[in-house]
S.K.: 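The structure under discussion is supplied below as structure tokens; questions concerning it will follow.
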Number of protein chains: 2
Amino acid sequence: MPEAESRSHPPGPVPRLPRDEVRRRLLAAAGRVFAERGYADSKLEDIARAAGFTKGAVYSNFGSKQELFAAILTERSEAELFGVMAGLDAAADVPAFIEQAARAVARRIIDDTERGRLGLEIATRALHDEETGAVVAPMRRAQRAAAGQAVRAVTEHAGTTPPVDPELAGTILHCLTNGLAMEHLVDAEGVDSDTAERALRAVLGWLTEEADK
Amino acid sequence: MPEAESRSHPPGPVPRLPRDEVRRRLLAAAGRVFAERGYADSKLEDIARAAGFTKGAVYSNFGSKQELFAAILTERSEAELFGVMAGLDAAADVPAFIEQAARAVARRIIDDTERGRLGLEIATRALHDEETGAVVAPMRRAQRAAAGQAVRAVTEHAGTTPPVDPELAGTILHCLTNGLAMEHLVDAEGVDSDTAERALRAVLGWLTEEADK
DNA sequence: GGTATCCAGTACCCATCGGTATCGAGATCG
DNA sequence: CGATCTCGATACCGATGGGTACTGGATACC
């Protein structure tokens, strides 16, 4: 846990944390708390405490609860696209790629629950808050496009003609992934790691194989 | 709109609405408001007003805000499975069935936004409220199973061997549908009626065609 | 070393809203 | 036609928690 400058009181002046570090810790704690309790039930006091500070630190670094949430949103959105690309270009042949991609995505769905929970919270908030929605919509669009590009790259590399055009394939993959993640959150044992992986492998395989017209 | 017993004051005694009707109107209004504003931002006063009553009516018919929400949940969950089944047994041959099913589901995703919004709200709440989760998880499981049964019925009827087993097919369809619905809510123009329909038609077609091993 | 500035801590404010107590009109019963 | 009961309306309570004003110690600057 975040014990830091304990050592009781050797009465030398206690140094101060760099501002960036305070901000980072607040952001990390906010991510955890928002994911755990949801936006409305997350108290700023709790978030500050979880980061080892008080509400004062929050208002010193963020203008409002809303703004803190938005900061998380933009922070995480960047890490997002890289994550998809990471699993992309490591494999050589198509079946190995599919195997690897399915496993990686399934693992992320199952293991990183904070990610999924935050995603749901963000989507929910995007519905009720116009400003959030304006940020989220293009972000999702980029994710769908990235998935589509991945399909295009694989099929071009393999010289196959996929059963649907890559753009639609990206949408299918993206929505399936999100749907699986949501389903896992709601019914963890009903949709476990193996189920998610098999589902992704099957769809991924279908989307990259030669269409039999 | 809900104008009813206007006619100013012809001073005869004003009759009283049947209790069931009060409950129905409250439930309907609550569904609208919860879907529109989300659980936390929905004030009981607003819900009551939207139904043409006051908070007193709410607490006379429901024990708490939580309980009102739960009542909606159970009410809607029943209408759910019938809706899936309805489009099922009308068509004769497989291609026509797929065409029809894809269109019906896509239309529900696009047109009935209250349904989608409530679904998201319910999922979010299921994460944070154990009791809600205990209701939602089996409900989702039943929906996946129903979708799986539909695939099984179609392929058996057509005598084909599907590329994945029906249970997994049900999960894929259910998660894709939910994912598409969520995506439409977040980015309505990015995932429109046509996109959803094409995605569903493609996946439905793949899942019911003969597997080319 | 003295002074100005920064920034998180502390104490407080107050709007909000779920929940409760009570009332009174109208239904129900004898 | 009273007596009683039902149930939604009204008025109110009190906790909660986002936001603000101010404090004081540490840092930066001269």
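Order of the sequence lines sets the chain letters (A, B, ...), proteins ahead of strands, with each chain counted from 1.
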S.K.: Taking CG from A:Leu68 and P from C:dA8, how many angstroms apart are they, rounded to a whole number?
M.R.: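 That distance rounds to 14 Å.
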
S.K.: Output the single nucleotide from C:dG9, D:dT6, D:dG17 whose closest atom is nearest the side chain of A:Lys43.
M.R.: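 Comparing C:dG9, D:dT6, D:dG17 against the side chain of A:Lys43, the answer is D:dG17.
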
S.K.: What's the closest nucleotide to the side chain of B:Lys55 if the choices are C:dG18, D:dC7, D:dT10?
M.R.: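 That would be C:dG18.
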
S.K.: Does the distance from a Lys or Arg side-chain N to an Asp or Glu carboxylate O, for B:Arg117 and B:Glu121, drop under 4.0 Å?
M.R.: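 No salt bridge links B:Arg117 with B:Glu121.
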
S.K.: May I ask you to decide whether B:Asp112 forms a salt bridge with B:Arg108, counting only side-chain N to carboxylate O separations under 4.0 Å?
M.R.: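 No salt bridge links B:Asp112 with B:Arg108.
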
S.K.: D:dT10, C:dT20, D:dG17: which one has an atom nearest the side-chain heavy atoms of B:Tyr59?
M.R.: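 The answer is C:dT20.
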
S.K.: Looking at the side chain of B:Ser60, which of C:dG19, D:dC7, D:dA9 is the nearest nucleotide?
M.R.: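 The nucleotide sitting nearest to the side chain is D:dC7.
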
S.K.: Could you state the atom-to-atom distance from CZ of A:Arg49 to P of C:dA8 in whole Å?
M.R.: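 A:Arg49 atom CZ is separated from C:dA8 atom P by 17 Å.
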
S.K.: Please check this pair: side chain of A:Thr208 against backbone of A:Leu204, looking for a donor-acceptor N/O pair closer than 3.5 Å.
M.R.: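 Between the backbone of A:Leu204 and the side chain of A:Thr208 there is a qualifying donor-acceptor contact (under 3.5 Å).
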
S.K.: When the distance from CG of A:Asp20 to C1' of C:dA8 is rounded to whole Å, what number comes out?
M.R.: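 Result: 15 Å.
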
S.K.: Without decimals, in angstroms, what is the distance between B:Glu67 CD and C:dG19 C1'?
M.R.: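 In whole Å, C:dG19 C1' and B:Glu67 CD are 13 Å from each other.
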
S.K.: Would you please confirm or rule out a distance under 4.0 Å between OP1 or OP2 of C:dC7 and any side-chain N or O of A:Asn61?
M.R.: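 False: A:Asn61 side-chain N/O out of range (4.0 Å or more) of C:dC7 OP1/OP2.
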
S.K.: Would you name the heavy atoms of A:Glu183 and B:Cys175 that are closest together and state the gap between them?
M.R.: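 Closest approach of A:Glu183 to B:Cys175, heavy atoms only: CB-SG, 3.7 Å.
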
S.K.: Out of C:dG9, C:dG19, D:dG19, which nucleotide sits closest to the side chain of A:Leu44?
M.R.: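 From the listed options, D:dG19 comes nearest.
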
S.K.: Figure out the CG/P separation between A:Asp41 and C:dG18, and round it to whole Å.
M.R.: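 Whole-Å distance recorded here is 12 Å.
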
S.K.: Using atom CD of A:Glu45 as one end and atom C1' of D:dA15 as the other, report the distance to the nearest whole Å.
M.R.: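 A:Glu45 atom CD is separated from D:dA15 atom C1' by 16 Å.
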
S.K.: What nucleotide, of D:dG19, D:dG8, C:dA25, holds the atom closest to the side chain of B:Ala57?
M.R.: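 That would be D:dG8.
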
S.K.: Check whether any side-chain nitrogen or oxygen of A:Arg19 sits under 4.0 Å from OP1 or OP2 of C:dC7, and answer yes or no.
M.R.: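 Result: yes.
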
S.K.: Expressed in angstrom and rounded to an integer, what is the separation of B:Glu21 atom CD from C:dA27 atom P?
M.R.: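 So the CD-P distance, B:Glu21 to C:dA27, works out to 16 Å.
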
S.K.: Taking the nucleotide of DNA chain C with the nearest heavy atom to each, does A:Val22 or B:Lys65 sit closer to the 5' end?
M.R.: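 The 5'-side residue here is A:Val22.
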
S.K.: Counting only N and O atoms by type, is there a donor-acceptor contact under 3.5 Å from the side chain of B:Ser77 to the main-chain atoms of B:Thr74?
M.R.: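 It does hold such a pair.
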
S.K.: What is the distance from CG of A:Leu17 to C1' of C:dG9, rounded to the nearest Å?
M.R.: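 Answer to the nearest Å: 15 Å.
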
